[in-house]
J.: 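Here it is, the structure in full.
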There are 2 protein chains.
Amino acid sequence: MSLRWALIALLTGRPMTGYDISKSFSTSVAHVWHAPDSQIYPELNRMERDGLLTSVEIPWGKKGTKKEYHVTDEGLARFREWMESPLVPQRQRDPAYLKAAYFDFADPAAVREQLREQQVYWEQHLEMLERTRASLVDRSHPTLAARIEKLDEHEAELAVRCKVYAYDGLIARARSELAWIEDGFALVEELSG
Amino acid sequence: MSLRWALIALLTGRPMTGYDISKSFSTSVAHVWHAPDSQIYPELNRMERDGLLTSVEIPWGKKGTKKEYHVTDEGLARFREWMESPLVPQRQRDPAYLKAAYFDFADPAAVREQLREQQVYWEQHLEMLERTRASLVDRSHPTLAARIEKLDEHEAELAVRCKVYAYDGLIARARSELAWIEDGFALVEELSG
DNA sequence: CCACTCATGTAAACAGTTACATGATTCT
DNA sequence: AGAATCATGTAACTGTTTACATGAGTGG
């Protein structure tokens, strides 16, 4: 259900077509919420049907049109409702921890290899998060820039702080994963030694 | 698919009935992988059909029987295969971060309330993780105790270290969440001030 | 005999993944 | 002319959640 709110959140910045949204979801939004095209387009249609969005047909090329989605008052009200409703704690379901608990069942070399892969992944992820955080602070981030255009300086500052706060959480998580992976290398030495 | 491996992982400790497993999944295993009864029983049947488990009918009371599941060699081999196969990085999909990025859309009092709830949840969760970690270190944890009975002291020590390592990761994550929530309280002061 | 635990599921709905499908437009 | 991008999906499948269903055994 959160996909719905992630879509509204994005569209409060500026109206977008399904394609624009889909591109955002494969870049910056993906840090907070991932979804493939095949989930986005049908959900946009359902949201329009439910009155949370309206769409404007925009000519594209000679014959084609594209649909630009706008958040309705109803959509914004529902978004606020969700924002203020209690957050249900996520159930733990991360294969990395499950595997770690049983590292003694696997070949230490294979474990080391997996740790290396995870390390590369999280290092790249962390770098991306830090780049995005910087683009929020200096307000060069395109979606943020579009959003804060409509706001006064005080409101803009608060909007930026919230986004930076979210990224700080993600960055802390990434660092914590990397520290844990580092400890994993020490553990695997014991397993093979 | 990881449910399957979580089930085998648990059953490598000792043979269990569906009910035992289901109880484990609502207590200690839930720290690493959550699943409800309605997912566990059908999966056990599929795993038996696929030759990963065998079951022994055990009389229960006067008329009834219960099924005790044992991991087969095939099951153990497949588990090792999974353990040594690359770990696909989890896509980010945590409503807490999505909400945080848009805190400026919500009433600060509502945000503060949610932060408090999250704080209570993570504090309790952390306490439970630390209790479980302690029971692994002193080897009083029932599933672990059953598992290490079959092992020599060196192997037992390694098995314990792996489980402790997994819990250390979960504990670090919980602490990181709590620190982030703490920062959230500071942020919400700015939003309402 | 009543409540609780033990025991095992089914059914429907929802969320998410993977693979496939198609055609127009713009850039080189 | 061909490649890349813009644009929008459908279909089949897997995984997860929620609600419901049922009955035997055990302890007070």
Side-chain angles (χ1 to χ4, degrees), chain A residues 1-7 11 15-27 29-30 32-50 53 55-69 82 87-95 98 142, chain B residues 1-8 11 15-27 29-30 32-50 53 55-69 82 87-95 98:
Chain A
M1 206 49 177
S2 294
L3 171 60
R4 176 161 288 207
W5 311 124
L7 289 167
L11 288 169
M16 287 182 173
T17 66
Y19 187 76
D20 296 334
I21 293 169
S22 155
K23 288 303 113 175
S24 291
F25 264 79
S26 53
T27 57
V29 181
V32 178
W33 201 270
H34 166 81
D37 297 9
S38 60
Q39 211 186 349
I40 292 171
Y41 287 107
E43 184 63 22
L44 288 170
N45 285 326
R46 279 191 293 268
M47 287 166 77
E48 188 176 8
R49 186 202 60 200
D50 295 347
L53 303 177
S55 66
V56 178
E57 293 271 336
I58 291 189
W60 179 66
K62 280 155 201 137
K63 315 186 221 167
T65 58
K66 55 185 180 179
K67 276 162 90 178
E68 191 180 59
Y69 289 97
W82 174 73
L87 188 55
V88 283
Q90 289 297 99
R91 324 282 187 117
Q92 190 65 242
R93 206 176 280 120
D94 187 337
L98 176 56
Chain B
M1 207 50 178
S2 291
L3 171 60
R4 178 162 284 209
W5 311 125
L7 288 167
I8 291 193
L11 288 169
M16 286 182 175
T17 66
Y19 186 77
D20 295 334
I21 293 169
S22 154
K23 289 301 115 176
S24 291
F25 265 78
S26 53
T27 57
V29 181
V32 178
W33 201 271
H34 167 82
D37 297 9
S38 61
Q39 210 186 348
I40 292 171
Y41 286 107
E43 184 63 23
L44 288 170
N45 285 325
R46 278 190 294 269
M47 287 166 76
E48 188 175 9
R49 186 201 61 201
D50 296 348
L53 303 178
S55 65
V56 178
E57 294 272 337
I58 291 189
W60 179 68
K62 279 156 203 137
K63 314 186 222 166
T65 57
K66 56 184 179 178
K67 276 162 90 179
E68 190 181 58
Y69 289 97
W82 173 74
L87 189 54
V88 282
Q90 289 298 98
R91 324 281 187 116
Q92 189 65 244
R93 206 175 281 121
D94 186 336
L98 176 56

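Each chain gets a letter, A, B and so on, in the order the sequences are listed, and its residues count up from 1.
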J.: Answer yes or no: is there a side-chain heavy-atom contact under 4.5 Å between B:F25 and B:L7?
T.: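 With C-beta onward as the side chain, the pair touches.
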J.: Once you round it to whole Å, what is the distance between C1' of C:dT8 and CD1 of B:I21?
T.: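 Atom CD1 in B:I21 sits about 12 Å away from atom C1' in C:dT8.
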J.: Who are the side-chain contact (heavy atoms from CB on, under 4.5 Å) partners of A:S24, not counting sequence neighbours?
T.: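 If we apply the side-chain contact (heavy atoms from CB on, under 4.5 Å) test to A:S24, skipping adjacent residues, the hits are A:L10, A:M16, A:V29.
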J.: Mind checking side-chain hydrogen bond (donor to acceptor under 3.5 Å, both in side chains) for A:R4 and listing every partner two or more places apart, or none if nothing turns up?
T.: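 Scan of A:R4 (side-chain hydrogen bond (donor to acceptor under 3.5 Å, both in side chains), adjacent residues dropped) gives A:E43, A:D50.
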J.: Which sits closer to the 5' end of DNA chain C, A:W33 or B:K66, going by the nucleotide each is nearest to?
T.: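 Its nucleotide being nearer the 5' end, the pick is B:K66.
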J.: Under 4.0 Å between a side-chain N/O of B:Y19 and OP1 or OP2 of C:dC6, yes or no?
T.: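 Yes.
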J.: For A:D20 and D:dT8, what is the distance between atoms CG and C1' respectively, to the nearest whole Å?
T.: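 Rounding to the nearest Å, CG of A:D20 and C1' of D:dT8 are 13 Å apart.
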J.: From CG of B:L44 over to C1' of C:dT10, roughly how many Å is that when rounded to an integer?
T.: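 About 15 Å, once rounded to whole Å.
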J.: Give the rounded distance in Å between these two atoms: OH of A:Y41 and C1' of C:dG23.
T.: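 Rounded to the whole Å, the gap is 13 Å.
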J.: In whole Å, what is the span from the CH2 atom of B:W5 to the P atom of D:dG15?
T.: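 Going from CH2 in B:W5 over to P in D:dG15 covers 11 Å.
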J.: Quick one: list whatever passes side-chain contact (heavy atoms from CB on, under 4.5 Å) with B:P89, sequence neighbours left out.
T.: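 Expected list: A:Y121.
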J.: Quick one: A:L53 CG to D:dT8 C1', roughly how many Å, whole number?
T.: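 After rounding, the reported distance stands at 16 Å.
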J.: Got B:I8 and B:M47 here, is their nearest side-chain heavy-atom distance under 4.5 Å?
T.: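 Sidechains of B:M47 and B:I8: in contact.
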J.: Between D:dG9 atom C1' and A:N45 atom CG, what is the distance in whole Å?
T.: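 Rounded to whole Å, this separation is 9 Å.
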J.: Applying side-chain contact (heavy atoms from CB on, under 4.5 Å), name anything that partners B:P95, two or more places apart in sequence or on another chain.
T.: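 Checked B:P95 against side-chain contact (heavy atoms from CB on, under 4.5 Å); matches are A:S2, A:W33, A:W82, A:L87, A:Q90.
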J.: Does B:R93 make a side-chain N or O approach to OP1 or OP2 of C:dT17 shorter than 4.0 Å?
T.: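 The answer is yes; a side-chain N or O of B:R93 sits under 4.0 Å from OP1 or OP2.
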J.: When the distance from CG of A:D37 to P of C:dG16 is rounded to whole Å, what number comes out?
T.: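 Taking atom P of C:dG16 as the reference, CG of A:D37 is at 15 Å.
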J.: Base, sugar-phosphate alone, or nothing: which one does B:K67 contact when heavy atoms must sit under 4.0 Å apart?
T.: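 It contacts sugar-phosphate atoms only.
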J.: Distance-only check: which donor-acceptor pairs under 3.5 Å involve side-chain atoms of residues 59-67 of chain A, not counting sequence neighbours?
T.:
unit_1	atom_1	unit_2	atom_2	d
A:T65	OG1	A:E57	OE1	2.8

J.: Just by protein heavy atoms under 4.0 Å, how would nucleotides 18-28 of chain D read 5' to 3' in B, S and -?
T.: BB----BS---
